[in-house]
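Keep in mind that this is a model prediction, so the values were computed, not measured.
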Amino acid sequence: LSHRLAVARLRHQVGELQLQVDQDRKLVPPTRKVYHCVVDDTALTAAIADFKKWISDGAVVVTVPLSTLDRLDQFKKGTSEININARESIRYFDRIQNGSLSVRGINFQNPTEKFENWKDVEEYLSPEALAARQQPISPTMRAAVPTSPIKPPRWIQHLLNCVLYRMHKVGKRDSVPPGHKQLSSRPEVYLVTNSPDVAAWARDYNINFMSSNELEEKVEREDFIYQEKVKEFQEAQIQAETPRQTSRGGRGGRGGRGGRGISGGAGGGARKGRNGGGMQDPEFVFVREAPRGVARGKGVLWEP
């Protein structure tokens with residue numbers, strides 16, 4: 001019988017340990033979604049302060065095309081908000097490039113990170129846009145309905161070239177903020193622009209795009225979701241630690257069967273002191289009462 005009890009107890013302990021291991025494996029720290037963005041000048045001149053915060057917080061990974069730097073340089077002179085933000089963007093990027101400011105989560109387009117020919121870019125033109133451009137128009141309607149140009153303006157070409165190259169050619173080389181895992185697959189890339197013209201051309205080439213305000217909404221929503229995940233993870237950690245502490249306390253020999261600990265068990269309850277706190281039983285036990293009435297200096301000392 002004792003052998004069977006020992007085996008049953010051992011199986012129970014092994015089961016508890018296996019359950020704890022399974023719970024620990026589920027306790028994986030949460031990670032937040034990171035938005036990989038290619039920005040143009042209209043996004044930066046409208047929200048450079050927001051982009052600096054998002055990059056610092058690890059909410060976005062930003063790629064700055066060479067065409068965007070050229071456009072910022074064109075708008076740096078003046079007193080309007082666009083001019084002020086253009087200068088602030090240039091100063092921010094200069095500090096990063098010269099090493100005076102250490103920032104993770106921002107990339108500058110390398111001159112080689114592009115398609116050499118525009119024909120290579122046109123391979124990604126959507127079938128709908130291609131069909132619309134190839135649709136025949138009668139001579140009478142051709143003069144009344146101007147067709148859209150086959151190629152966008154030069155600076156938009158450079159911008160789209162950079163975005164499509166990062167979408168289809170760049171994969172694991174993207175830098176990620178601290179605390180985030182390196183992506184095993186090519187990330188989803190968004191073009192952030194506040195220009196309707198750029199957005200229209202991006203749509204023709206199947207490029208995901210959004211405005212700086214839309215990006216702000218996405219980041220705020222993801223911040224909320226991430227914070228909720230962190231709370232759930234912390235609560236799960238506390239719940240996982242509680243069974244461990246309980247099981248350790250019950251196996252220490254104090255307060256078990258016949259024990260004399262403060263928790264008490266069968267055969268050994270806890271005694272309360274004057275202040276209501278627990279007081280342990282003494283380490284010795286009287287087997288008989290001491291004799292009474294022995295005068296000082298007379299008689300024989302009582303022996304236990």
Side-chain angles (χ1 to χ4, degrees), residues 31-76 85-116 120-121 124 155-195 198-199 201-202 205-212 214-216 218-219 222:
T31 56
R32 63 173 299 156
K33 181 178 180 179
V34 180
Y35 292 94
H36 293 253
C37 307
V38 178
V39 295
D40 73 346
D41 59 292
T42 61
L44 293 173
T45 53
I48 180 58
D50 293 329
F51 275 103
K52 291 167 68 174
K53 181 181 183 302
W54 297 334
I55 294 172
S56 177
D57 294 343
V60 299
V61 171
V62 171
T63 296
V64 183
L66 297 175
S67 59
T68 298
L69 296 176
D70 293 338
R71 296 277 294 180
L72 290 174
D73 189 66
Q74 296 176 13
F75 292 106
K76 67 181 181 180
N85 288 338
R87 291 193 294 270
E88 176 61 25
S89 301
I90 293 173
R91 286 193 295 266
Y92 177 62
F93 296 148
D94 286 343
R95 292 175 62 193
I96 295 175
Q97 290 181 315
N98 62 29
S100 60
L101 179 62
S102 178
V103 176
R104 295 283 302 273
I106 186 167
N107 305 301
F108 296 94
Q109 181 189 9
N110 191 292
T112 60
E113 293 180 334
K114 64 178 181 179
F115 294 101
E116 293 297 329
D120 298 331
V121 177
Y124 299 100
W155 67 274
I156 296 182
Q157 288 184 36
H158 294 322
L159 178 63
L160 299 180
N161 192 332
C162 176
V163 178
L164 290 170
Y165 189 87
R166 297 202 71 82
M167 286 175 58
H168 301 285
K169 298 299 181 181
V170 178
K172 298 181 181 180
R173 289 183 294 169
D174 286 9
S175 60
V176 294
H180 296 278
K181 295 182 179 180
Q182 186 74 32
L183 297 177
S184 58
S185 60
R186 190 174 294 119
E188 187 176 16
V189 178
Y190 294 88
L191 171 61
V192 184
T193 178
N194 294 338
S195 169
V198 174
W201 282 105
Y205 286 87
N206 292 320
I207 296 175
N208 297 321
F209 64 90
M210 56 182 163
S211 66
S212 58
E214 291 172 334
L215 177 59
E216 180 181 10
K218 290 180 180 294
V219 170
E222 182 59 31

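- With contacts defined as side-chain heavy-atom distances shorter than 4.5 Å, the pair Val189/Ile207 does not qualify.
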- [ ] Tell me, with the steps shown, if Trp155 and Val198 meet side-chain contact (heavy atoms from CB on, under 4.5 Å).
- [x] CA-CA 10 Å; Trp155 67 274; Val198 174; 3.6 Å; yes
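- You'll find the side chain of Thr68 stays beyond 4.5 Å of the side chain of Val38, heavy atoms only.
- In this structure, CZ in Phe209 is found 10.5 Å from OG in Ser195, a value given to the nearest 0.5 Å.
- With rounding to the nearest 0.5 Å, the separation of CG in Leu101 from NZ in Lys52 is 8.5 Å.
- In this structure a side-chain-to-backbone donor-acceptor pair under 3.5 Å is present from Asn194 to Ser212.
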Task: Step-by-step side-chain contact (heavy atoms from CB on, under 4.5 Å) determination, Trp54 to Glu216 - done: CA-CA 9 Å; Trp54 297 334; Glu216 180 181 10; 3.6 Å; yes
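- Going from atom CG of Asn208 over to atom NE2 of His36 covers 13.0 Å, rounded to the nearest 0.5 Å.
- Within the 4.5 Å cutoff, side-chain heavy atoms of Phe51 are placed close to those of Val192.
- Using the six-membered ring where Trp is involved, Phe108 and Phe93 have ring planes that are perpendicular, over 60° apart on the 30 and 60° scheme.
- Remark: side-chain polar atoms of Thr63 are not paired, donor with acceptor, to backbone N or O of Asn107 under 3.5 angstrom.
- At a threshold of 4.5 Å between non-hydrogen side-chain atoms, the residues Leu215 and Tyr190 do not count as touching.
- Contact annotation: the side chain of Val219 approaches that of Arg32 to within less than 4.5 Å [non-hydrogen atoms, C-beta and beyond].
- Looking at Val61, Ile96, Val103 one by one, the single match for side chain to side chain contact (heavy atoms under 4.5 Å, CB included) with Ile55 turns out to be Val103.
- Here the straight-line distance linking atom CG of Asn85 with atom CZ of Arg87 works out to 9.0 Å at 0.5 Å rounding.
- Across all non-hydrogen atoms, the minimal contact from Gly58 to Val34 is O-CG2, 3.7 Å.
- Between the CE atom of Met210 and the SG atom of Cys37 there is a distance of 4.5 Å, given to the nearest 0.5 Å.
- Contacts classified as salt bridge (charged side-chain N to carboxylate O under 4.0 Å, His left out) and involving residues 37-51 (residues at least two apart or in different chains) are given here: Asp41-Arg71.
- When side chains are defined from C-beta on, Leu66 does not count as touching His158, because their heavy atoms never get closer than 4.5 Å.
- For the atom pair CZ (Phe115) and CG (Leu164), the distance works out to 6.0 Å, reported to the nearest 0.5 Å.
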